[in-house]
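Take a look at the structure set out below.
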Amino acid sequence: MFEKISTFLDKVSVLIKGGGEDKLALRKKSGLLTARERINQLLDPDSFNEIDLFVEHSGRDFGLDKQKLAGDGVITGFGKIDGRPVSVYAQDFTVQGGSLGRMHAAKITKIMDMASEMGMPIIGINDSGGARIQEGVDSLAGYGDIFIRNTLNSGKIPQISVIMGPCAGGAVYSPAITDFVFMVDKLSRMFVTGPKVIESVLSEKVTAEELGGAKVHNGVAGNAHFYSESEYDTFAQIRKLLSYLPSAWDVKVPKTKPTPPKSKFKLANIIPDDSRKSYDVKDVIKTLVDGSEFFEVREMFAANVVVGFARLDGDSIGIVANQPKVKAGCLDVDSSDKAASFVRFCDAFGIPLLTLVDLPGYLPGVDQEHAGIIRHGAKMIYAYSEASVPKISVILRKAFGGGYIAMSSKHLKTDFVYALPTAEVAVMGPESACSIIFAKEIREADDPEAVRQQKIEEYKEKFSNPYNPASKGYIDAILHPDETRQKLIQSFELAREKKPVLKKHKHGCIPL
Ligand code: HXC
């Protein structure tokens, strides 16, 4: 027995060194964590249970048959985050560049299937040269096996991708299907076509960082949801994110102890009387949520709409809010996509939605029309209409045109629609409206400017207030700002009890 144990321990000690001591030392020298260290940093201490350490690769060509590849370049298993089970894999760049062959993929798909059956999130740490070239079509098949599971598990268990090195070629499509992508500055690289190929095909010189670094994917392309400057910060962000999510679609997020917002944030002091002045909607959010803590998602992308998680009376909620200080909080192609995908995530995982409305409408302009604002804007309406989780909206100030309808209006089956006394609901803003409906009168007046001003005042009196929509039942109640948080808590409690009628047909066809 002792001899067998000692053989076992010898084998383990070789395998856990991945690509060997020299390669691990090289990594350390460049300030990078190893794949194993990454897993240990992410999980609760001593909670990692590895499986498939002894799996061997199945490559036979180009000398692979003579090579040992520890764990076939990926570490897989289960552990805990804040005491709740998760599954995790980390590609080991020291083993043939973390490249993905048949057995490497089989290890990943095994834990994906187990996580799906057991109902827990899956977190994939990507650091790989992509499809293992020597294994040919077997590597491509491996990616296909991962992609289909990403798709079938979508909306069932939370899927998180962490990019901590290269993630190139078709390999990017696994993260792209998952719910949240984390990237680290100067470390993560994600692109379909690398800089060398771009140079040879298009004669354009571009660095890997410019092409697909963390800033690009967070701020420009919108493929990533979280940005950080170090691997350690990323692990803290992932742990935080998971605290707002259920382990699977059919279980609840654990409730925490309710805490009041910090008193320095007071709603009545934030929204200016002059509707042309902007303010930071994140300050509004802080007046409403527990501990004034808001965990923002996709902070660097389409900042005219803010999305993220918070807690209300200890329960996790998703928040979508127009940001008046960026492009007046309008809906454009990117902010529509951002909000729609967040709404769908929350709906899939039973996270109630709070929407804070202050927008002049969809962004006008040739650029937006040509970029497909009709198609992208439609996603918002579709996502909110389809969402059957508890939905509450508060109209803070402007709610104009299509934006009024799209931002969780009563017409899209929002459970409770509230407005502050500062709310203004109309087809469009007073200035534009009067220039159309009173054009002739203004043009022919002795004093056109005076008539224009008078018409604007009349229009404001009639439409730019919450009383007109409230008189028709489109707004359920007008709130004193000081009672907003309490009303939201009570209303979510009621809405949680609703029994939505679920669709019986296969699925709708969201405009994509
Ligand atoms: C096999 C690979 C590999 C790969 C790297 N290695 N990528 N082995 N298949 N795809 C090996 C190297 O041979 C080397 O082995 C070790 O990993 C480290 O690689 P280096 O090149 O020395 O490292 P570095 O200089 O840091 O460069 C990393 C890199 C580069 C930028 C990722 O290796 C690279 O460009 N690799 C190819 C990337 C790529 O084009 N992949 C295919 C994408 S297409 P030794 O033995 O020397 O340590 C794709 C299709 C998926 O993935 C389709 C899905 C639908």
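Atoms within a ligand are numbered from 1 in the order they appear, just like the ligands themselves. Quick note: numbers below take in every heavy atom, side chains included, and nothing from hydrogens, waters or symmetry partners.
Protein non-hydrogen atoms do not reach within 4.0 Å of atom 30 (C) of ligand 1. Inside a 4.0 Å radius of atom 4 (C) of ligand 1 there is at least one protein heavy atom. Taking a distance limit of 4.0 Å, we find that atom 48 (O) of ligand 1 is approached by some protein heavy atom. Taking a distance limit of 4.0 Å, we find that atom 8 (N) of ligand 1 is approached by some protein heavy atom. Within the 4.0 Å cut-off (strictly below), a protein heavy atom is located near atom 1 (C) of ligand 1. Using a 4.0 Å threshold on non-hydrogen atoms, atom 17 (O) of ligand 1 counts as touching the protein. Less than 4.0 angstrom separates atom 22 (O) of ligand 1 from none of the non-hydrogen atoms of the protein. In this structure, atom 33 (O) of ligand 1 has no protein heavy-atom contact shorter than 4.0 Å.
The only member of N126, N150, T178 that meets side chain to side chain donor-acceptor pair (under 3.5 Å) when paired with S161 is T178.
The backbone N or O of V305 sits less than 3.5 Å from a side-chain atom of K338, completing a donor-acceptor pair. Not one N or O on the side chain of S116 forms a donor-acceptor pair closer than 3.5 Å with the backbone of M112. When atom types are taken as modelled, the side chain of Y362 and the backbone of G377 share a donor-acceptor pair closer than 3.5 angstrom. Distance alone, capped at 3.5 Å, is enough to place a donor-acceptor pair between the Q368 side chain and the V333 backbone.
Ring pair F226/F295 is parallel by interplanar angle, where below 30° counts as parallel and above 60° as perpendicular.
The protein non-hydrogen atom at the shortest distance from atom 44 (S) of ligand 1 is G169 CA, 4.1 Å. When hydrogens are left out, the protein atom nearest atom 45 (P) of ligand 1 is K23 NZ, 4.0 Å; that is the closest non-hydrogen contact. In terms of protein heavy atoms, atom 55 (C) of ligand 1 is closest to F147 CE1, 3.7 Å. Of the protein's non-hydrogen atoms, the one nearest atom 14 (C) of ligand 1 is G97 N, 5.0 Å. The single protein non-hydrogen atom nearest to atom 13 (O) of ligand 1 is Q96 NE2, 5.0 Å, given as residue, atom name and distance.
Inclusion of G129 in the set of residues having an N or O under 3.5 Å from an N or O of ligand 1 is warranted. The shortest N/O to N/O separation between F93 and ligand 1 does not fall below 3.5 Å. At least one N or O atom of A131, backbone or side chain, sits closer than 3.5 Å to an N or O atom of ligand 1. Taking only nitrogen or oxygen atoms, main chain and side chain alike, A171 does not reach within less than 3.5 Å of ligand 1.
Using a 4.0 Å cut-off between heavy atoms, L140 contacts ligand 1 through its side chain alone, with no backbone atom that close. At a 4.0 Å heavy-atom cut-off, ligand 1 does not touch Y173 at all.
In summary, E37 and R27 do not engage in a salt bridge, as defined by a charged side-chain N under 4.0 Å from a carboxylate O. In this structure, E135 does not pair ionically with R102, as no charged nitrogen and carboxylate oxygen lie closer than 4.0 Å. The residues R239 and D44 are annotated as salt-bridged, a charged nitrogen and a carboxylate oxygen being separated by less than 4.0 angstrom. We find that K110 and D52 are joined by a salt bridge, their nearest charged nitrogen and carboxylate oxygen being less than 4.0 Å apart. At a threshold of 4.0 Å, the pair R60-D65 does not count as salt-bridged, since none of the basic side-chain nitrogens sits closer than that to a carboxylate oxygen.
Checking P166, A168, G73 against atom 43 (C) of ligand 1, the nearest heavy atom belongs to A168.
Close contacts of ligand 1 with R132, meaning ligand atoms under 4.0 Å from a residue heavy atom, involve 1 (C), 9 (N). Near Y143, the atoms of ligand 1 lying under 4.0 angstrom from a non-hydrogen atom of the residue are 51 (C), 54 (C). For ligand 1, the atoms lying closer than 4.0 Å to a non-hydrogen atom of Q134 are 1 (C), 9 (N).
Not a single heavy atom of R189 sits closer than 4.0 Å to an atom of ligand 1. Residue contacts with ligand 1 do not include G194, since none of its heavy atoms lies under 4.0 Å from the ligand.
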For this session: Determine, stepwise, if the pair D72 / R132 fulfils salt bridge (charged side-chain N to carboxylate O under 4.0 Å, His left out).
Result: CA-CA 11 Å; D72 203 7; R132 185 172 298 146; 2.8 Å; yes
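Counted within 6.0 Å of CD on E56, heavy atoms from surrounding residues, nucleotides or ligands total 12 or fewer; the atom is thus considered open.
Separation of the Y143 and Y173 ring centroids does not fall under the 6.0 Å cut-off.
Contact annotation: the side chain of Q96 never approaches that of H104 to less than 4.5 Å [non-hydrogen atoms, C-beta and beyond].
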